[in-house]
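Everything below concerns the one structure shown next.
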There are 2 protein chains.
Amino acid sequence: MVEHNNENLDLIFHALADATRREMIRLLSEKEKTVSEMAKPFDMSLAAASKHIKVLEKARLIQRTVEGRTHTCRINAETLALASQWLSVYEKFWSKRFDLMESEILKAKKKEH
Amino acid sequence: MVEHNNENLDLIFHALADATRREMIRLLSEKEKTVSEMAKPFDMSLAAASKHIKVLEKARLIQRTVEGRTHTCRINAETLALASQWLSVYEKFWSKRFDLMESEILKAKKKEH
DNA sequence: TTAATATTCAACCATTTGGTTGACTATAGA
DNA sequence: TCTATAGTCAACCAAATGGTTGAATATTAA
């Protein structure tokens with residue numbers, strides 16, 4: 001069974017609950033980036049972006065390596081997987097409906113003939 | 001392509017970022033429940049639980065029907081699916097591990113029989 | 001050594017959050 | 001009709017959030 005640590009999930013989902021941070025993740029999914037590079041697309045101070053990055057880091061959604069004065073961030077997909085796993089427990093609820101829908105469509109098609 | 005509405009995702013992930021609300025979703029996944037039934041397991045006032053329910057409702061993670069004085073809540077899995085879909089974009093980053101997990105689940109299920 | 005660059009830190013601020021309590025509304029049952 | 005039950009609402013509070021600015025730190029380049 002997958003362990004669903006509550007504190008971790010709090011941090012992860014909270015980090016994902018902000019459009020800026022979700023976009024940062026998207027950016028990192030293309031390529032690793034420095035703090036300044038991550039901040040550039042957003043209409044806010046570097047300090048504000050730095051705070052967002054810290055939130056993502058605390059949730060372990062991203063990781064940082066420091067080389068000299070530049071901090072490079074990369075995505076940490078294992079943590080995204082944790083969120084996904086929590087949600088997957090409920091997948092049956094929407095796949096069920098999907099199956100139902102499919103069988104309804106089949107029935108409808110049979111009636112056509 | 002899946003539409004990822006930012007405001008919706010803000011509400012959805014924010015709603016999921018609280019252990020009480022995640023547990024409420026788990027409870028509803030077993031069976032639909034009234035507001036009082038949902039509040040009972042938690043060490044907080046009914047008013048506090050009612051607020052949590054409203055957060056879940058606003059995010060459309062649950063739906064409510066009112067009959068007389070009792071409000072019945074049920075899970076709205078389509079919205080959970082939206083969160084899942086956002087995450088699935090990054091699935092490729094962990095797909096190796098995901099495959100492993102799937103095979104573990106399969107093994108576990110076989111053991112059950 | 002001096003200046004520029006990359007980034008964080010600290011203090012501040014308005015807003016949101018998650019809880020409380022007490023009053024209120026509406027329905028159901030005696 | 002009177003009372004209990006189901007639930008919300010409003011006011012309040014402390015803590016957290018998301019932003020700002022200005023100063024501090026550390027590294028690199030001139």
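Residue numbering restarts at 1 for every chain, and letters A, B, ... go by the order of the sequence lines.
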If you compare every side-chain N and O of His71(A) against the phosphate oxygens of dT8(C) (OP1, OP2), does one of them come in below 4.0 Å? yes
Sub-3.5 Å pairs of nitrogen or oxygen atoms, protein against nucleotides 9-16 of chain D:
residue : atom : partner  : partner atom : Å
dC9(D)  : OP2  : Lys54(B) : NZ           : 2.9

Which comes earlier along DNA chain C counting from the 5' end, the contact point of Thr70(A) or that of Ala49(B), where each point is its nearest nucleotide? Thr70(A)
Produce the list of close N/O pairs, under 3.5 Å, pairing protein atoms with atoms of nucleotides 27-30 of chain D; give distances to one decimal.
residue : atom : partner  : partner atom : Å
dT27(D) : O2   : Arg69(A) : NH1          : 3.1

Rounding to an integer number of Å, can you tell me how far [X] [atom1] sits from [N] [atom2]?
X	N	atom1	atom2	answer
Asp10(B)	dT16(C)	CG	P	13 Å
Ile53(A)	dA6(C)	CD1	C1'	12 Å
Leu11(B)	dT16(C)	CG	C1'	13 Å

Any chance you could measure [X], atom [atom1], to [Y], atom [atom2], to the nearest 0.5 Å?
X	Y	atom1	atom2	answer
Ile62(A)	Met38(A)	CD1	CE	4.5 Å
Leu87(A)	Leu82(A)	CG	CG	11.5 Å
Thr20(B)	Ile53(B)	OG1	CD1	11.0 Å

Considering all heavy atoms of both residues, which atom of Thr79(A) and which atom of Ala59(A) are nearest to each other, and what is their separation? CG2-O, 3.2 Å
Exercise: identify the closest heavy-atom pair between Leu16(B) and Ala83(B): CD1-CB, 4.5 Å
Do side-chain atoms of Asn5(B) reach the backbone of Asn8(B) as a donor and acceptor pair under 3.5 angstrom? yes
Main-chain N/O of Ala81(B) paired to Ser84(B) side chain as donor or acceptor, under 3.5 Å: no
Quick one, which residues of residues 16-27 of chain A touch DNA chain D with a heavy atom under 4.0 Å? Asp18(A), Arg21(A)
Within residues 37-46 of chain A, the residues having a heavy atom closer than 4.0 Å to DNA chain D are Met44(A), Ser45(A)
When hydrophobic residues are tied together by side-chain contacts of less than 4.5 Å, even through go-betweens, does Val55(B) share a cluster with Leu11(A)? no
Who pairs with Ala48(A) by side-chain contact (heavy atoms from CB on, under 4.5 Å), at least two apart in sequence or on another chain? Met44(A), Ser45(A)
For Trp86(A) and Ile12(A), what are the C-alpha separation, side-chain angles and deciding distance, and is it a side chain to side chain contact (heavy atoms under 4.5 Å, CB included)? CA-CA 11 Å; Trp86(A) 186 87; Ile12(A) 294 166; over 6 Å; no
Provide the full list of salt bridge (Lys or Arg N to Asp or Glu O under 4.0 Å) pairs with a residue in residues 13-24 of chain B, sequence neighbours left out, each pair given once. Asp10(A)-Arg22(B), Glu23(B)-Arg26(B)
Give me each pair satisfying salt bridge (Lys or Arg N to Asp or Glu O under 4.0 Å) with a member in residues 36-60 of chain B, each pair once, sequence neighbours excluded. Glu57(B)-Arg64(B)
Toward the 5' end of DNA chain D, which comes first, Glu57(B) or Ala48(A), by nearest nucleotide? Glu57(B)
Side chain proximity check, Phe42(A) to Leu27(A), heavy atoms < 4.5 angstrom: yes
